[in-house]
Chemist: 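There's a structure below that I have some questions on.
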Amino acid sequence: MMKVRMIEQRDNGVCLFELKNDEIKVITSNLGCHVLSVFTKDREGNFGDVVLGFENVEDCWHGDGSYMGAIAGRVANRIGDAKFELNGKTYELAANNGKNSLHGGIKGFNQKIFKYKLLEDGIRFIYLSPDMEEGYPGNLYLKVVYRLCDNTLKMEYEAVSDQDTLINITNHSYFNLSAGKDKIYHHQLKVKADEIACVDENCLANGTFLKIENTPFDFKEFHEIGERINDDHEQLKLAGGYDHSFMVKDEEDQLILYDKETGRKLTMTTTLPCIQVYTGNFLSGGCNGKGGKPYENRDGVALEAQFLPNSIHIEKEPKVILRKGEEYEAVTTYRFEVE
Ligand code: GLA
């Protein structure tokens, strides 16, 4: 039985919602469309929370750099030198990650209050990002929908702008299928990708690509995340672990994360061309997580479906460009099973 309800409404406009069926329970907020909890069953049928999340979602306003569970945008990931050119005009962004722009700027979509509408099988969030917000041109109308369908959490993104602009929306949930019992080193990962986008010393995609065969990035078959994470590989050293976009195939079930202790298995399918796998290399020292517990490095792995990071500086025909009046649409699903 599917149930969608508001569970809290605060004076500051922040609300919390619960989406629940027999397989999954999600707690989400209209603040940054944060996914605060996702409860799923383990092999014994016990529910556990498989994502990292804020104790108080408002903590995202205090400059926490984890983006736990949030929607990142207008442009997720990094834009080199915090500027870009579009139609012959240069747009300056805030450099909020060294000299680069990260996840939409100082006050990205993760910090905005969205309008909301409860649906039969989920919730729709709506945000109107005004022209030149965080330096991006065009009034952008963004819709984010979270739905539950049996054992699947579905995220749908739609946007349209009244001027040419850039867009790259992702959900920045960190998963831990042991429900916090363990770090993610023993999680097994499989990704349908032959290449990753290489990064520089600031984790900025630099326009080169690595064929992953016979490297610690080869997850064509299952490998534990911790198996090769400390290998002497330049790309791992630069990012302090995995923090790379896998160029996924245009197929279903592009990424599988599996925890053999609990039997939980997460399968991701996206219409987007990349999945950034970020092993929480800088989680320590951020905001407190649920239960007031501070998170540490490698407590979760973020799986972020998106366009190629730094696309505007790398791609000949950058997929991140959204032309006036055109519709941006993307769908990412997360299917939870036990095995
Ligand atoms: C993304 C980036 C990481 C890090 C996190 C937020 O995943 O790729 O380098 O900035 O966001 O902490």
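One-based numbering, in listed order, for ligands and for the atoms of each. The model shown is predicted, which means the values in this text are computed figures rather than measured ones. Values below: every heavy atom of this structure, side chains too, minus hydrogens, waters and symmetry copies.
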Chemist: Out of Tyr185, Phe217, Tyr278, which one pairs with Tyr242 under the ring pair (Phe, Tyr, Trp, His ring centres under 6.0 Å) rule?
Modeler: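 The option that passes is Phe217.
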Chemist: Do ligand 1 and Tyr67 have nitrogen or oxygen atoms that lie under 3.5 Å from each other?
Modeler: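 Looking only at distances, the answer is no, because the N/O contact criterion of under 3.5 Å is not met.
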Chemist: Could you check Tyr127 against Phe114 for ring-ring contact (aromatic ring centres under 6.0 Å, His included), going step by step and ending with a plain yes or no?
Modeler: CA-CA 5 Å; Tyr127 180 64; Phe114 285 59; 5.3 Å; yes
Chemist: Considering only the protein, which heavy-atom contact is closest to atom 7 (O) of ligand 1, and what is its distance?
Modeler: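 For atom 7 (O) of ligand 1, the nearest protein heavy atom comes out as Glu304 OE2, 2.6 Å.
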Chemist: Is Glu317 salt-bridged to Lys319, cutoff N-O under 4.0 Å?
Modeler: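 Looking at Lys319 together with Glu317, the answer is no, because their closest N to O distance does not fall below 4.0 Å.
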Chemist: For Phe54, enumerate each residue passing the ring pair (Phe, Tyr, Trp, His ring centres under 6.0 Å) test, keeping only those at least two apart in sequence or located in another chain.
Modeler: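 Testing Phe54 for ring pair (Phe, Tyr, Trp, His ring centres under 6.0 Å), a comparison that skips the adjacent residues, returns His34.
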Chemist: Tell me which protein heavy atom sits closest to atom 9 (O) of ligand 1, plus the residue, atom name and distance to 0.1 Å.
Modeler: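 Protein heavy atom at minimum distance: Asp243 OD2, 2.4 Å.
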Chemist: Under 4.0 Å from a heavy atom of Phe282: give me the atoms of ligand 1 that qualify, with their elements.
Modeler: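 Under 4.0 Å from Phe282, ligand 1 has these atoms: 9 (O).
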Chemist: Using a strict cut-off of less than 4.0 Å between a Lys/Arg side-chain nitrogen and an Asp/Glu carboxylate oxygen, indicate whether Lys192 and Glu251 qualify as a salt bridge.
Modeler: yes
Chemist: With a 4.0 Å heavy-atom cut-off (strictly under), which part of Leu102 contacts ligand 1: side chain, backbone, both or neither?
Modeler: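 Looking at Leu102 and ligand 1, just side chain atoms fall under 4.0 Å.
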Chemist: For atom 10 (O) of ligand 1, what's the nearest protein heavy-atom neighbour? Residue, atom name and distance, please.
Modeler: Arg78 NH2, 3.1 Å
Chemist: Are Asp49 and Lys25 within salt-bridge range, i.e. N to O under 4.0 Å?
Modeler: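 Not counted as a salt bridge, because no side-chain N and carboxylate O are separated by less than 4.0 Å.
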Chemist: How does Tyr242 reach ligand 1, by side chain, by backbone, by both or by neither, if only non-hydrogen atoms under 4.0 Å count?
Modeler: neither
Chemist: Return yes or no for this condition: an N or O of Gly65 is under 3.5 Å from an N or O of ligand 1.
Modeler: yes
